[in-house]
Amino acid sequence: MKEVRTRFAPSPTGFLHIGGFRTAIYSWLLARHYGGSFILRIEDTDQSRKVEGAVKYILEGFEWLGIDIDEGPSREELLKVEPDFEDAPDIGGDYGPYVQSLRLELYQQAADKLIASGHAFRCDCTPEMLQAEREKQLANKEFVGYGGRCRDRNVPADKPHVVRFRMPDEINVSIEDAVKGRVSWDSLPMRDPVLLKSDGFPTYHLAVVVDDYNMRISHSMRADEWLPSAPLHVMLYQALGWEMPVFAHLPNVLGKDGKKLSKRHGATSWSVFRDQGYLPEALLNYTALVGWSPGEGEEQEIFSREELIKRFSLEHVNRAGAVFDYDKLTWMNGVYIRNLSMQEFVKRGRPFLEKAGLKVNQERWHMIAPHVQERVKLLPEIVEKVDFLFKDKIERDLSKMFKKGIDRDIAIRIIDEAIIGLSDLKSWSREEIEKLLRDLAVRLELKPGPMFGVIRIAVTGKMVTPPLFESLEALGRGDTLRRLEEARELVKQCVA
Ligand code: GLU
């Protein structure tokens with residue numbers, strides 16, 4: 001079998017969204033599955049729509065998701081596209097440059113070859129002429145498109161011109177798409193499409209064929225929206241006498257309403273997912289499953305990166321669009337969070353605490369972390385659960401204490417007794433704290449639930465926390481007693 005070489009070929013015209021990443025993930029998985037190469041090519045032929053920072057954003061996203069690249073732009077090439085990309089990596093490879101605006105000569109050569117063989121021609125129709133032609137066609141309700149004025153005019157190369165493909169009258173093209181199966185065309189809704197623009201830049205059609213061929217791409221994997229262009233690409237390969245790659249047109253990523261995924265549905269950018277507390281391994285796993293499954297009747301959903309690589313195949317990519325289900329992703333993220341090692345959970349959670357403005361005490365965070373790891377699906381949820389450990393002042397709604405037989409006097413008594421008992425504890429450990437408070441409930445003839453509620457609100461300000469004894473243990477004796485004393489004074493001020 002020929003070496004599997006796949007590519008991801010984004011146009012830096014905006015910030016790549018998760019649907020685009022899914023295309024990249026599949027291309028990368030296929031290359032890794034067969035021990036081949038994954039190539040990044042920057043398709044910047046539409047210079048007017050270029051967005052500064054778009055390439056950097058893609059590369060950072062790849063790094064975050066763990067998608068490694070074998071060939072791609074060198075540092076020098078990247079800096080030509082994005083001069084401000086200070087820490088641009090130096091990827092490189094044997095088939096560069098990997099940026100289309102730096103490959104203009106190759107497109108020109110291909111265009112010349114097509115002109116020489118009669119498959120293309122130069123056209124010097126002005127935009128005004130084309131516009132007038134179009135208006136006439138519209139008025140006469142005719143097919144709208146290039147009328148063929150320059151087909152046989154032999155426009156000289158030194159006059160401003162574009163190069164157009166000479167579309168044959170009869171069309172009979174088919175491909176064996178690795179996802180869609182056999183797709184055939186006997187007519188196309190385009191006439192003599194432009195291959196090379198007057199500024200020497202190619203259109204997508206010429207560029208993708210020249211580059212996939214020259215970069216020895218074995219599988220041209222791209223979004224569904226390019227399927228209608230595939231017959232033109234096939235004709236170009238044939239006209240140039242070049243062997244074609246396998247085409248694989250990937251299903252769209254949809255929102256739950258069946259429409260193409262967009263910001264309306266929720267996050268679509270990798271960095272937004274990151275900031276919302278999704279783990280890259282969960283996002284990678286889930287996104288791979290949007291449009292692919294390991295096989296009929298397979299229940300498994302959690303796949304490590306290595307397993308995805310091992311199991312991925314184009315045969316099991318859906319033909320139709322696939323829904324990106326945020327709830328499912330969030331569920332999966334919870335599974336991934338629970339599977340993290342303690343050390344890793346502590347490390348990944350900390351930035352979210354800091355972002356919330358908390359001064360994180362690493363010892364406390366370490367102590368409480370195991371008790372929250374089980375309970376969160378998204379990393380920012382830890383903030384609400386443990387912030388009381390990292391605040392100098394906490395807010396309390398004391399009225400929440402007064403229920404199930406607890407009134408002001410009883411609350412004061414509980415707090416008083418707790419202060420005395422906890423001050424005297426020999427060692428500040430969860431076990432000792434628990435024993436003391438349980439004994440106290442018995443002694444005061446109170447149900448543990450409501451009594452612990454008083455302590456919880458007094459010390460943490462919350463109705464719900466990680467387990468109470470562990471929370472007090474992590475907070476430490478000094479702060480626990482200080483907060484109990486403060487709460488006692490506040491309760492005293494309550495109207496009985
Ligand atoms: N530059 C095209 C895009 O961003 C890529 C199409 C392809 O992968 O061939 O949509």
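Counting starts at 1 for both ligands and their atoms, in listed order. We're numbering straight along the sequence, starting at 1. FYI, side chains are in, hydrogens and waters are out, and symmetry mates aren't considered; it's all heavy atoms of this structure.
The shortest distance between side-chain heavy atoms of K355 and D275 falls below 4.5 Å. The shortest side-chain heavy-atom distance between Y95 and P97 does not fall under the 4.5 Å cut-off.
Summarising the local packing, NZ of K259 is surrounded by 12 or fewer heavy atoms from other residues, nucleotides or ligands at distances under 6.0 Å.
Polar contact check, R222 against ligand 1: no nitrogen or oxygen pair lies under 3.5 Å apart. Between R41 and ligand 1, not a single N/O pair is under 3.5 Å apart.
Of all protein heavy atoms, the one lying nearest to atom 10 (O) of ligand 1 is W226 NE1, 3.3 Å. Residue, atom and distance of the protein heavy atom nearest to atom 7 (C) of ligand 1 are Y204 OH, 3.2 Å. The shortest contact between atom 8 (O) of ligand 1 and any protein heavy atom is with R7 NH1, 2.8 Å. Ranking the protein heavy atoms by distance from atom 3 (C) of ligand 1 puts S11 OG, 3.7 Å first.
In this structure, R22 is positioned above the aromatic face of Y26, its NZ or CZ under 6.0 Å from the six-membered ring centre and within 45° of the axis.
Between S117 and H119, the side chains place a donor N or O and an acceptor N or O closer than 3.5 Å (distance only, hydrogens not considered). Side chains of H161 and D124: a donor-acceptor N/O pair is absent below 3.5 angstrom, by distance only.
Using cut-offs of 30° and 60° for the angle between ring planes, the W365 and F390 rings count as perpendicular.
Applying the 4.0 Å criterion to heavy atoms of E43 picks out, from ligand 1, the atoms 1 (N), 2 (C), 5 (C). Atoms of ligand 1 lying under 4.0 Å from at least one heavy atom of V208, given by number and element, are 9 (O).
Among S27, A207, A9, the residue whose heavy atom lies closest to atom 2 (C) of ligand 1 is A9.
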